[in-house]
Asks: 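A single structure is presented below for examination.
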Amino acid sequence: MDLTDKEDTGSGSPLGTERQGRFERQRQEKLSRIKELGVEPYGGRYDGAELAEDIRHRPCLQGAEKGNIIEGEEGKAKCAGRIVLLRDIGKLIFITVRDWSGTIQIGLSKKLLGPDASGWPLAKLLELGDIIGVSGQLGKTRTDEITVWVDNLRLLSKCLCQPPEKFHGLSDIDLRYRQRYVDLWANPEVMERFKNRSAIIRTIREFLQARGFREVETPMMQSVAGGAAAKPFVTHHNALDLDLFLRIAPELFLKRLLVGGMEKVFEINRNFRNEGLSREHNPEFTMLELYQAYADYNVMMDLTEEIICLLVEKYCSSKQVQFRDITVDYTRPWRRARYAELLKEYSGCEIDDIPAIRAKARELGLDEAGMDEEVVINGVFEATVEDNLINPTFVFDYPAALCPLTRRKKDDPKYAERFELYIAGMELANAYTELNDPAVQEENFQIQLRGQDESMATMDEDFITALKYGMPPAGGLGIGIDRLIMVLTGATSIRDVVLFPLLRPIKDQAQGK
RNA sequence: GGGAGUGUAGCUCAGUUGGCAGAGCAACGGCUUUUUAAGCCGUAGGUCCAAGGUUCGAGUCCUUGCACUCUCACCA
């Protein structure tokens, strides 16, 4: 295909496609001129570069005077990064270089770089988006800007595509998601958020490991998709001629590990659910699940509160965190309220008063005819309660029928020892005292299967067998990592915390025409 | 799947009642050794998302389709 002449028709034509042909041709021309200078335009290993932020905080800059260069060893500096701003003033060029710590200004002058082909002539050919490595003496300009005055310049990678507008950056949401590799360097706050995401997950791991939890990996391709009520993705293994499901939850495998004697385990990884997309739902999402033998849901509640409060302390500027148009207050202790109590508080219905609840459901426009009691109750709960749970709130003791994997309360078997954590009206965590009675578990599965269509109705027999060998009583917890990152970093949409969210492919490309 | 909105230069966006397609940045040529979104002079750049329709005339009005955003529904 001729990339230079074909014109793309789509409005969402990404940067760097055919539509940019003339810009790419111009940049290709510069590339040729660089090669003519005898310069390799795609560099190679570049050792000893210091982060821009570290250079800015050098002690030798403390007393430095405006307009001066710091001579000698202590003034030497070396850095590498992408050209994000470029000001060519004739025999002097100022460039703002961005690495992933931040930006620093470098100064290139004809005097310092001289007539050498890879010096001044190369400098004059640099353009926005190129990746360079430089070394030189540190100093401050007349306007007090910290600057590396370059005596050695290397081109590490030529940028052949037109970068986005330098002031507004890339703001088209669709383009940002499709070309995250541009979004990340064009919009520093995006980089910042993903660096935070990485740090938050590291902190969670450190917290759990310090408490004796071991990280494990369980299958993502499963022949029975269990552990949650959700529609799975189907895939196929050729050699075994076997249909497999992408997991909807790791739960049943992690509990097998409890049976095996791993007493404290966790897994942070992807689940896949074949359902609708929204700003709180991506088809693949990251979940922390952990299990602790001999614990129960109260232990999990304390643990959840501790982890998240630690994260707030480390990654948020105060206990009051802005999210969308609301403020979430993480001050401890968090509210812990019974499911039935909240239902009464916000819907006015007693949980046992089924006629009143059905009436409320109709009032809310829910189609309750033919639905099971618990489903109607939960419908009313979701419609009336959830949006009001702004500050972190543990909702506990769910109707047992909604919790097939949960141990029931000894003194009141209508309810199960389960809690969910809500923050900003979103469900963030789900936990229970795990059911370890194989007979009850099997019965619950049977009931659950009756409500599903046949194609998906498979029981995980081996899981029942595992329980028959004896699983220690345990507490289990799941935390939606993406949503947690959202509330901690103030991201409105789950797509802002997932590097490459699922998007519909652009049609022309998908058809390969 | 329903409803609302958006789609104009590489990017960010204007475009009046239906009457010659616009700006800033980026690009290209020139000047410039202290700039900070550098500045000044000049040049080029368009399938106005696509297809059809109404009209003497459509970026603008209508229909259909595509993509995205918001929202509702489905869904832990």
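Every chain is numbered from 1, with letters handed out A, B, ... down the list of sequences.
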Asks: How many Å lie between CD on A:Glu280 and C1' on B:rC72, as a whole number?
Replies: 13 Å

Asks: To the nearest Å, give me how far apart CD1 (A:Ile494) and C1' (B:rU69) are.
Replies: 17 Å

Asks: Tell me which nucleotide, if any, is Watson-Crick or G-U wobble paired with B:rA50 when both distances must be under 3.5 Å.
Replies: B:rU64

Asks: For side-chain contact (heavy atoms from CB on, under 4.5 Å), just list the numbers for A:Met300 and A:Tyr432, CA-CA rounded to whole Å, side-chain angles, deciding distance to a tenth of an Å, and then say yes or no.
Replies: CA-CA 8 Å; A:Met300 294 299 109; A:Tyr432 13 96; over 6 Å; no

Asks: Looking only at side-chain atoms of A:Lys91, point me to the closest of B:rG10, B:rC74, B:rU33.
Replies: B:rU33

Asks: Can you figure out which of B:rA67, B:rG10, B:rU35 approaches the side chain of A:Asp174 most closely?
Replies: B:rA67

Asks: Go through it in stages, so that I can follow the logic: the residues are A:Glu434 and A:Thr406, the test is side chain to side chain donor-acceptor pair (under 3.5 Å), and I'd like the CA-CA distance, side-chain angles, deciding distance and then a yes or no.
Replies: CA-CA 5 Å; A:Glu434 301 299 335; A:Thr406 311; over 6 Å; no

Asks: Given the C1' atoms of B:rA9 and B:rG45, what is the spacing between them in whole Å?
Replies: 6 Å

Asks: In whole angstrom, what separates A:Arg324's CZ from B:rU69's P?
Replies: 14 Å

Asks: OP1, OP2 of B:rU33 versus side-chain N and O of A:Arg142: anything below 4.0 Å?
Replies: no

Asks: Between B:rG10 and B:rA44, how far is it from one C1' atom to the other, in whole Å?
Replies: 14 Å

Asks: Base, sugar-phosphate or nothing for A:Thr141? Non-hydrogen atoms, less than 4.0 Å.
Replies: base

Asks: Students often get this wrong, so: under 4.0 angstrom with heavy atoms, is A:Lys30 touching a base, only sugar-phosphate, or nothing?
Replies: sugar-phosphate

Asks: Taking atom P in both B:rG30 and B:rC68, what distance in whole Å separates the two?
Replies: 44 Å

Asks: Is it the case that A:Asn378 and A:Tyr398 place a side-chain donor and acceptor less than 3.5 Å from each other?
Replies: no

Asks: Would you classify A:Arg418 as touching base, sugar-phosphate or nothing, given that sugar-phosphate means primed atoms plus P, OP1 and OP2, and contacts are heavy atoms under 4.0 Å?
Replies: base

Asks: Would you kindly give the NZ-to-C1' distance between A:Lys140 and B:rU34, to the nearest whole Å?
Replies: 15 Å

Asks: Under a 4.0 Å threshold between the charged nitrogen and the carboxylate oxygen, would A:Arg27 count as salt-bridged to A:Glu24?
Replies: no

Asks: Is there a Watson-Crick or G-U wobble partner for B:rA21 with both distances under 3.5 Å, and if so, which one is it?
Replies: none

Asks: Counting any heavy atom closer than 4.0 Å, what does A:Arg27 reach on the DNA or RNA strands: base, sugar-phosphate only, or nothing?
Replies: nothing

Asks: Please determine if a side-chain N or O atom of A:Ser171 lies less than 4.0 Å away from the OP1 or OP2 oxygen of B:rC13.
Replies: yes

Asks: Sticking with atom P, work out how far B:rC75 lies from B:rC66, rounded to a whole angstrom.
Replies: 25 Å

Asks: Please compare A:Asn430 and A:Lys124 by the position of their nearest nucleotide in RNA chain B and report the one closer to 5'.
Replies: A:Lys124

Asks: Counting the atoms with a prime plus P, OP1 and OP2 as sugar-phosphate, which does A:Gly169 contact under 4.0 Å by heavy atoms, base, sugar-phosphate, or nothing?
Replies: sugar-phosphate

Asks: Show the distances under 3.5 angstrom between N or O atoms of the protein and N or O atoms of nucleotides 37-40 of chain B.
Replies:
| residue | atom | partner | partner atom | Å |
| --- | --- | --- | --- | --- |
| B:rA37 | O3' | A:Lys166 | NZ | 3.2 |
| B:rA38 | OP1 | A:Lys166 | NZ | 2.2 |
| B:rA38 | OP2 | A:Arg87 | NH1 | 2.9 |
| B:rA38 | N6 | A:Asp88 | O | 3.4 |

Asks: How many whole angstroms separate atom CD1 of A:Ile173 from atom P of B:rG7?
Replies: 14 Å

Asks: Taking the side chain from A:Glu165 and the backbone from A:Phe167, do they hold a donor-acceptor pair closer than 3.5 Å?
Replies: yes

Asks: Once you apply a heavy-atom cut-off of 4.0 Å, does A:Glu382 come out as touching a base, just sugar-phosphate, or nothing?
Replies: base

Asks: With both distances kept under 3.5 Å, what pairs with B:rU43, Watson-Crick or G-U wobble?
Replies: B:rA27

Asks: When you compare B:rC61 with B:rU8, how far apart are their P atoms, in angstrom units rounded to a whole number?
Replies: 15 Å

Asks: Distance check needed: B:rC13 P versus A:Leu170 CG, whole Å only.
Replies: 10 Å

Asks: When you get a sec, tell me which of B:rG10, B:rU34, B:rA67 is the closest nucleotide to the side chain of A:Arg178?
Replies: B:rA67

Asks: In whole Å, what is the span from the CG atom of A:Leu277 to the P atom of B:rC72?
Replies: 15 Å

Asks: What distance, rounded to whole Å, do you find between the two P atoms, one in B:rG57 and one in B:rC20?
Replies: 15 Å

Asks: Side chains of A:Thr147 and A:Gln105: do they bring a donor and an acceptor to under 3.5 Å?
Replies: yes

Asks: Without hydrogens or angle criteria, can the side chains of A:Tyr422 and A:Glu386 be said to hold a donor-acceptor pair below 3.5 Å?
Replies: yes

Asks: Per the atom types in the model, does the base of B:rU35 pair as donor or acceptor with the side chain of A:Glu145 at under 3.5 Å?
Replies: no

Asks: With respect to A:Glu280, which candidate in A:Arg483, A:Arg324, A:Arg495 satisfies the salt bridge (charged side-chain N to carboxylate O under 4.0 Å, His left out) definition?
Replies: A:Arg324

Asks: Of the options B:rU35, B:rC68, B:rU71, whose atoms approach the side-chain atoms of A:Arg495 most closely?
Replies: B:rC68

Asks: Using a 3.5 Å cut-off and no angle test, enumerate the donor-acceptor pairs between side-chain atoms of residues 114-123 of chain A and protein atoms at least two apart in sequence or in another chain.
Replies:
| residue | atom | partner | partner atom | Å |
| --- | --- | --- | --- | --- |
| A:Asp116 | OD2 | A:Ser118 | OG | 3.2 |

Asks: Given that both distances must come in under 3.5 Å, which nucleotide forms a Watson-Crick or G-U wobble pair with B:rU34?
Replies: none

Asks: Using the C1' atom in both, what is the distance from B:rG5 to B:rC74, to the nearest Å?
Replies: 23 Å

Asks: Parallel, tilted or perpendicular: which fits the ring planes of A:Phe381 and A:Tyr339, with parallel below 30° and perpendicular above 60°?
Replies: parallel

Asks: With P as the reference atom in both, quote the distance from B:rA38 to B:rG15 in angstrom, rounded to an integer.
Replies: 27 Å

Asks: Just checking A:Lys111: base, sugar-phosphate only, or nothing, at a heavy-atom cut-off of under 4.0 Å?
Replies: base

Asks: Can you tell me how far C1' of B:rU69 sits from CG of A:Asp496, to the nearest Å?
Replies: 12 Å

Asks: Just name whichever nucleotide pairs with B:rG57, Watson-Crick or G-U, keeping both distances under 3.5 Å, else none.
Replies: none

